[in-house]
Student: 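Let me begin by handing over the structure; questions about it come next.
From a predicted model like this one, the values you see are computed outputs, not experimental measurements.
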Amino acid sequence: MAKPINYTDILETGDSEIYDIQTHAAGPEGSLPLTAEMLLNRPSGDVFGLTHNAAMGWAPTELRREEFLILSTQGGIRAPDGSPIALGYHTGHWEVGLLMQAVAHELKNLAAIPFAGYCSDPCDGRTQGTVGMMDSLAYRNDAAQIFRRLIRSLPTRKGVVGVATCDKGLPAMMMALASMRDLPAVLVPGGVTLPPTTGEDAGKIQTIGARFAHGEISLQDAADMGCRACATPGGGCQFLGTAATSQVVGEALGMSLTHTALAPSGQNIWSDMGLRSARAVVNLAAKGLTMKDIVTPEAIRNAMVVHAAFGGSTNLLLHIPAIAHAAGLERPSVDDWTEVNQSVPRLVDVLPNGPVGHPTIRVFLAGGVPEVMLHLRELGCLNEDVLTATGETLGSNLDWWAASERRERVRQTLEDKDNIAPDAVILNPDAAKTAGLTSTVTFPRGSLAPEGSVIKSTAIDPNVVDADGVYRMTGPARVFVRESDAIQTLKGQGERDIQPGDIMVLCCRGPKGTGMEEVYQLTAALKHLSFGKNIALITDARFSGVSTGACIGHVGPEALAGGPIGKVLDGDIIQIEIDTRQLVGSIDLVGHGNEHFGAAAGERVLAERQARPDLSPDEALPDDTRLWAALQSVGGGTWGGCVYDVDAILNALNGSQ
């Protein structure tokens, strides 16, 4: 508990020096580099901006240099030695100020003037199971707006460098940069934290509560491993969750430099990319290349292809369409995602997907995005003519990578430090097939999800998948409308325990209910509890990027929009089939209790049923998120990336008048 404070200590400190007050100052020495043309023709804001620049300490003689803006999601207050003065929300934004400094110093060396602005970001891990999660997805749109406003609020900038790391801040940054279609911009990913030498990664550690409840871990082990799960102070989590996948996608889009995603935060190879990104944005400006030259339909498809090859987070099904929308491009559809995932093999053995599950630092050292792209190039899956942040084409970047010293050195480091062969982390297609790596995402439909749903089918436990590659489960529904009730039941604290063979149905957790919260504490518990692989989950919520198992989310329509998931009763018999090879699947009502009536009759039963009487938005749903839910629903909803489509919103408002 914090120390008690006396009333008088709030009013006064007793420091008499505070009354030594100045009322004027001499001001900076020198003169502004003004011209008659500037005074006659330029906006007063451009001129007054020079006054601010001089006041902040920039030499007046240098104020005619080109200006570049650096934006980031920096959080916390670090002392020069790295110790905390005030903590950030998470490691992902704790060290990005160092990347900003690297960018700024190099811009200054290049005779440019760096500016910097910030919009910090929350942590989805910190808010799991709390009311804070109801702000998570909505924050992305808000932050993208703030970044765009900050960019426009420096009208003299020649280009932008965006530095971001994690689940919502990084997609927001990509949306903002992509929308600046006539500006040069470079994205700098914030990298990853390292795994502990001994202990558990930052994904598994989030299940210590459930495992302790079932006697599968001691209190002391939970405390010890929880303390060191994030082994270094900066960077995103060590698994291929939403943060890491977003870094991969940013590079695949061409917005970041080659081999920058997943770099180890705080190390020289990480800060080096800040320096090179400064050079890149100046180069783009000199060449007249802008974001509309880089974020193109072909680049969007490349990103989808690389997402599939990595086995990335299902949250990018929300973020990539949002980036496309920001860039003024057509958003990919479910059919587009299905086609990509059916044609692109998964090639990366990384946490949480397995089979071994290497941490992301090993993926970086094995060659990261460009190494995966070399395999995809051989398969003919990539458009190599797209322009990238280097100012050159993807094909040119891959030619450089294939013969580079950097590739040779980092791959050798992986063998020397961890005794891991790089080709065991990033596999060629034949080796991946032999190792049992399946394609990434399936979109089941059926009577419970007529608009579709999402499952990371590559991450279903292979022990419950039949020899033909199909996951089949038929079992009784256990229905919950509140996540807190579901997790307490899963911990054995509810009125009736969850049993192997049960199918958990969690509804009212979509955009209208909670802002489409993540329910990672449920999916993680199911993965790491000894009996969890024999339980399935169906929900209108979404999942963390580290979620695995027979967990089906994004069910549409959501319960509060009239979706049939809101009509499911305890004791209903649900049938799930997921073909992990053909990437097709279904979730259907097929019976109730001892009665089995089949999928066709189940659809009729649902059509005739009334919605559950206990359906309601979460009592803690903030008004800010209610507004977000309404606006994004007009813009295409979850399958459209949860964006604000201004024209559609205005048309809807005008039509209602």
Side-chain angles (χ1 to χ4, degrees), residues 28 33 49-82 85 88 92-121 146-165 169-170 173-174 176-177 180 183-191 233-235 247 250 255-257 260 263 265-286 291 389-391:
L50 299 178
T51 299
H52 276 298
N53 297 347
M56 289 185 283
W58 208 270
T61 55
E62 299 176 359
L63 289 180
R64 295 290 296 277
R65 294 179 175 182
E66 289 187 330
E67 300 171 356
F68 290 85
L69 176 60
I70 312 165
L71 292 175
S72 91
T73 54
Q74 180 176 330
I77 305 173
R78 296 173 76 256
D81 64 359
I85 297 172
H93 63 205
W94 179 245
E95 292 186 328
V96 296
L98 301 177
L99 276 179
M100 296 184 77
Q101 289 183 37
V103 174
H105 284 308
E106 184 61 12
L107 286 173
K108 189 174 182 181
N109 291 338
L110 295 171
I113 302 177
F115 286 74
Y118 313 90
C119 175
S120 196
D121 57 345
I146 290 171
F147 285 133
R148 289 194 294 267
R149 292 187 189 280
L150 288 173
I151 293 169
R152 292 192 295 264
S153 296
L154 187 68
T156 51
R157 74 282 181 265
K158 299 297 183 183
V160 185
V161 176
V163 185
T165 307
L170 181 49
M173 185 69 77
M174 289 192 279
L177 297 184
M180 295 296 132
L183 271 182
V186 174
L187 179 72
V188 185
Q247 294 185 34
M255 297 174 74
S256 301
L257 296 182
T260 51
S265 181
Q267 299 189 39
N268 290 338
I269 199 168
W270 172 84
S271 55
D272 173 75
M273 68 182 176
L275 179 151
R276 293 184 293 109
S277 296
R279 296 173 181 173
V281 75
V282 171
N283 178 59
L284 291 177
M291 290 310 289
T390 64

Student: Closest approach of M174 and G250, non-hydrogen atoms and distance?
Tutor: SD-CA, 3.6 Å
Student: Using the rule given for side-chain contact (heavy atoms from CB on, under 4.5 Å), can you reason through F68 versus V161, listing the C-alpha separation, both sets of side-chain angles and the distance that settles it, and then say yes or no?
Tutor: CA-CA 8 Å; F68 290 85; V161 176; 5.9 Å; no
Student: Side chain of S265, backbone of G191: donor and acceptor closer than 3.5 Å?
Tutor: no
Student: List the atom of T260, the atom of P189, and the distance in Å for their closest heavy-atom pair.
Tutor: O-CG, 3.6 Å
Student: Once you round to the nearest 0.5 Å, how far does CZ of R276 lie from OG of S256?
Tutor: 10.5 Å
Student: How many angstroms lie between atom CG of L50 and atom OG1 of T156, to the nearest 0.5 angstrom?
Tutor: 8.0 Å
Student: Let me see the working for M180 and F147 under side-chain contact (heavy atoms from CB on, under 4.5 Å), right down to the final yes or no.
Tutor: CA-CA 10 Å; M180 295 296 132; F147 285 133; over 6 Å; no
Student: Kindly give the heavy-atom pair with the smallest separation between G274 and L99, and that separation in Å.
Tutor: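 Closest approach of G274 to L99: N-CD2, 4.2 Å.
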Student: Determine the minimum heavy-atom distance between V103 and A278, stating which atoms define it.
Tutor: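 That would be O-CB, 3.5 Å.
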Student: If the condition is salt bridge (charged side-chain N to carboxylate O under 4.0 Å, His left out), which residues does R65 pass it with, not counting sequence neighbours?
Tutor: E62
Student: What distance do F115 atom CZ and L107 atom CG have between them, rounded to the nearest 0.5 Å?
Tutor: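 Answer rounded to 0.5 Å: 11.5 Å.
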Student: By salt bridge (charged side-chain N to carboxylate O under 4.0 Å, His left out), which residues pair with R279, not counting sequence neighbours?
Tutor: E106
Student: Take L187 and L170, measure what side-chain contact (heavy atoms from CB on, under 4.5 Å) needs, and give me the verdict at the end.
Tutor: CA-CA 9 Å; L187 179 72; L170 181 49; 3.7 Å; yes
Student: Starting at CG of N268, measure out to CG of L275 and round the result to the nearest 0.5 Å.
Tutor: 11.5 Å
Student: Give the minimum heavy-atom separation between V160 and I151, together with the two atoms involved.
Tutor: CG2-CG2, 4.0 Å
Student: Working note: Q247 + T165, criterion side-chain contact (heavy atoms from CB on, under 4.5 Å); need CA distance, chi angles, decisive distance, verdict.
Tutor: CA-CA 7 Å; Q247 294 185 34; T165 307; 3.7 Å; yes
Student: Is W270 reaching over with its side chain to a backbone N or O of G190, donor-acceptor style, under 3.5 angstrom?
Tutor: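 Yes; at least one donor-acceptor contact below 3.5 Å.
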Student: Looking at CG of D121 and CD of Q74, how far apart are the two atoms once the value is rounded to the nearest 0.5 Å?
Tutor: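 It is 11.0 Å, given to the nearest 0.5 Å.
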Student: Mind checking the OG-NE2 spacing from S72 to H93? Nearest 0.5 Å is all I need.
Tutor: 9.5 Å
